[in-house]
Amino acid sequence: MTIIEQIEQWAQKDPDRLAYQSESESFTYQTLQDQSQQLAYYLQNNVPAKAPIIVFGELEFEMLVGFLAAAKSGHAYIPIESTTPIERIQLILEVAQPAFVLSVSEWPVGVKSDVPVLSYWKMKEKMENFPVVSLQSVIGDENYYIIFTSGTTGVPKGVQISHDNLVSFVSWDLSAFGIKEEMRFLSQAPYSFDLSVMSIYPALCSGGTLVPMEKRIINDFKTLFAFLPTLSLDIWVSTPSFMEICLMEKNFDGAHIPSLKVFQFCGEELPRKTALELIRRFPQSKIFNTYGPTEATVAVSGVEVTEALLEEFDRVPIGYVKEDTEVRLTADHELLIKGPSVSKGYLNNPEKTQAAFFKEEGTRVYRTGDAVTITEDGLLLYEGRIDFQVKLHGYRIELEDIDHHLEQVSYVQQAVVVPKYQQHKVQQLVAYVVAAENSFEKEFQLTKVIKEELAERVMDYMIPQRFIYMDQLPLTTNGKIDRKGLIAEVNPA
Ligand code: AMP
């Protein structure tokens, strides 16, 4: 079955079942089917065939309608979060050359582009009168979605995920983690981060309900903890960082939230301490650590985290590889992933695609940049990165991406950003900066304006927390900026 057929079977079997339930609204599978069908009719008739479309917003139900409408009408969708700075949107538009923007949140007026923008809300009334016609949905190796991620040159890279890539991920996810029909899934990750795919498609393909956790609630502790026990969640999907926030509340445990049966983590290292605490708080639940890059569709390995496992390993293992996939290591321990969930590459970026992907006997292979060891029985153990990619609160950041944009800021001559770690986890980004001439009396004033200008160019999680000013940046013997030296300085042994 295609992804769309898997989702639509629920509208036939049980039309009134909830596909989505937020704090204030609920939507059934029938509504999801009807609205996405109507919008797909519009897209099929108004957008050039196969061209990608942007769907812009937060965690609204209408974003999902947009995604499914795109897929049903043969278009790949590109999710963009509404808090994305204009400069970054601009860079994504230049790379993606989309044919259309569907805005669920208001599209920023400052974006310079000829691309047609349609507000979902303006469209909504007209949609009801559209006829039901047959549609050409995305299939096989055609792009289903494109997720943009940080690129070392400062230009984001669009990872192209095909329909078949997604099927490979979803079938494994539905079989390996105890997911049953009609479960309620936490949907916390922004839709522009591929972790969200771990909630959306497993939930919708198994007739489950997506329960979004909006930023407004996450950012307000009191509301968050009053809200959580009322959601009757069965499956928790999040980054370990979000879990750590929740563990700060002492009543966050199995006694107060007995519905929680499964925890799935992905996107960054699951600290051993967090895993142990979670086992203590939810002794009846199953906890899984999963691993994978966006380029291999969300996750390719997983393992149940138990006390016994944690006794054996001092860093939480990242799991056994799914059946349809092979992995191996290069001489310098870099993990290569080969299988049907590996992307065809970065959209309109043959250079970066060639550097990271290749084909072997007709199957695609991705160089992950992750240093890994593999135990005799095939369990993957994570050791870190071989490059300067980091994770902060689960978000993927190339440090060079921040350097690039920091150097565009008018008060900055030269800059290099390094991570400060605590037990393998990035705590802080520290920017070493050679400032341009300025008349600020105090460094904090300079830092304030640099941060403000940087915020116009990069996502908020990419803004360094600490700024250190220097007359010149240290160089290695071959004349490059000595990032490794600075990393050692920030992280004394
Ligand atoms: P993303 O493409 O945003 O999913 O980021 C992928 C990268 O996140 C991987 O290449 C790893 O470096 C890191 N990562 C993902 N899951 C894990 C995990 N369970 N443990 C350690 N690192 C992880």
Side-chain angles (χ1 to χ4, degrees), residues 79 81 145-152 156-161 165 169 173 176-177 189-199 237-244 263-275 278 287-305 309-310 313-322 327 329 333-337 341-343 345-346 352 356-357 366-374 379-399 401 419 421 423-426 459 461-462:
E81 231 184 314
Y145 65 75
I146 299 160
I147 281 188
F148 273 82
T149 181
S150 179
T152 50
K157 294 180 295 193
V159 183
Q160 306 176 82
I161 297 302
N165 290 156
F169 165 69
D173 194 74
F177 303 104
Y191 290 152
S192 51
F193 175 13
D194 88 330
L195 179 61
S196 65
V197 173
M198 198 177 242
S199 300
V237 179
S238 84
T239 56
S241 293
F242 181 58
M243 172 51 61
E244 281 154 15
F263 290 85
Q264 268 182 301
F265 295 104
C266 193
E268 62 180 344
E269 183 152 0
L270 173 61
R272 186 193 158 79
K273 215 172 123 214
T274 310
L278 201 58
I287 299 162
F288 294 97
N289 188 26
T290 73
Y291 155 86
T294 306
E295 286 84 343
T297 318
V298 193
V300 295
S301 64
V303 63
E304 186 177 347
V305 182
L309 186 84
L310 295 176
F313 300 99
D314 45 327
R315 283 172 89 165
V316 183
I318 56 175
Y320 297 95
V321 174
K322 63 194 175 86
V327 290
L329 303 178
H333 285 220
E334 182 184 13
L335 182 77
L336 304 182
I337 302 175
S341 65
V342 173
S343 152
Y346 303 113
K352 292 274 179 206
F357 297 87
Y366 174 62
R367 301 177 205 275
T368 61
D370 288 316
V372 167
T373 48
I374 309 181
L379 186 60
L380 307 187
L381 308 175
Y382 186 71
E383 293 186 337
R385 294 289 304 176
I386 63 166
D387 56 12
F388 295 120
Q389 186 189 106
V390 296
K391 282 287 177 134
L392 183 60
H393 311 310
Y395 293 107
R396 169 168 157 179
I397 306 169
E398 301 287 352
L399 294 173
D401 189 359
Y421 291 98
Q423 288 167 341
H424 308 301
K425 202 175 166 80
V426 178
M459 301 301 287
Y461 56 79
M462 293 165 78

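Just follow the structure's listing: the first ligand is 1, and inside any ligand the first atom is 1. In this chain, numbering begins with 1 at the start of the sequence shown.
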Worksheet entry | Contact atoms of ligand 1, heavy-atom distance to Asn289 under 4.0 Å | 19 (N)
Discussion item. Angle between ring planes, Tyr395 versus Phe193, binned at 30° and 60°: parallel, tilted or perpendicular?
Written reply: tilted
Worksheet entry | Subset of ligand 1 atoms that lie under 4.0 Å from at least one heavy atom of Arg385 | 10 (O), 12 (O)
Discussion item. Between Arg385 and Glu269 (salt bridge meaning N to carboxylate O under 4.0 Å), is one present in this structure?
Written reply: no
Discussion item. Between Glu383 and Arg315, does any side-chain N to carboxylate O distance fall below 4.0 Å?
Written reply: no
Worksheet item: Does even one non-hydrogen atom of Thr149 get within less than 4.0 Å of ligand 1?
Response: no
Worksheet, complete the sentence: One finds that the ligand 1 atoms under 4.0 Å from a non-hydrogen atom of Arg396 are 1 (P), 2 (O), 3 (O), 5 (O)
Worksheet item: Does the Glu268 side chain pair with the main chain of Leu392, one donor and one acceptor, at a distance under 3.5 Å?
Response: no
Worksheet item: In terms of residue, atom name and distance, what is the protein heavy atom nearest to atom 13 (C) of ligand 1?
Response: Gly267 O, 3.9 Å
Item to complete: Just let me know how Tyr382 lines up against ligand 1, side chain, backbone, both or neither, with a heavy-atom cut-off below 4.0 Å.
Response: side chain
Worksheet item: Would a distance-only check, ignoring hydrogens and angles, find a side-chain to backbone donor-acceptor pair under 3.5 Å from Ser150 to Glu398?
Response: yes
Worksheet item: Looking only at protein heavy atoms, which one is nearest to atom 18 (C) of ligand 1, and how far off is it?
Response: Glu268 O, 3.2 Å
Discussion item. Taking Glu244 first and then Lys425, would you say they form a salt bridge - that is, a charged N and a carboxylate O separated by under 4.0 Å?
Written reply: yes
Practice prompt. May I ask you to decide whether Arg272 forms a salt bridge with Asp314, counting only side-chain N to carboxylate O separations under 4.0 Å?
Written response: no
Worksheet item: Can you list the atoms of ligand 1 that are under 4.0 Å from a heavy atom of Glu269?
Response: 20 (N), 21 (C), 22 (N)
Worksheet item: At a non-hydrogen distance cut-off of under 4.0 Å, which region of Lys391 contacts ligand 1 (side chain, backbone, both, or neither)?
Response: side chain
Discussion item. For the backbone of Ala299 and the side chain of Thr290, can you confirm whether one donor and one acceptor N or O come within less than 3.5 Å of each other?
Written reply: no
Worksheet item: Does ligand 1 have a heavy atom under 4.0 Å from the side chain of Asp194, from its backbone, from both, or from neither?
Response: side chain
Discussion item. Does the Lys NZ or Arg CZ of Lys157 fall within the cation-pi geometry relative to Tyr346 - under 6.0 Å from the ring centre and within 45° of the axis?
Written reply: yes
Worksheet item: For ligand 1, which atoms sit closer than 4.0 Å to a heavy atom of Phe193?
Response: 3 (O)
Fill in: Heavy-atom nearest option to atom 20 (N) of ligand 1, drawn from Thr290, Ile318, Ile397, Asp370
Ile318
Worksheet entry | Structural part of Thr294 in contact with ligand 1, heavy atom criterion under 4.0 angstrom | both
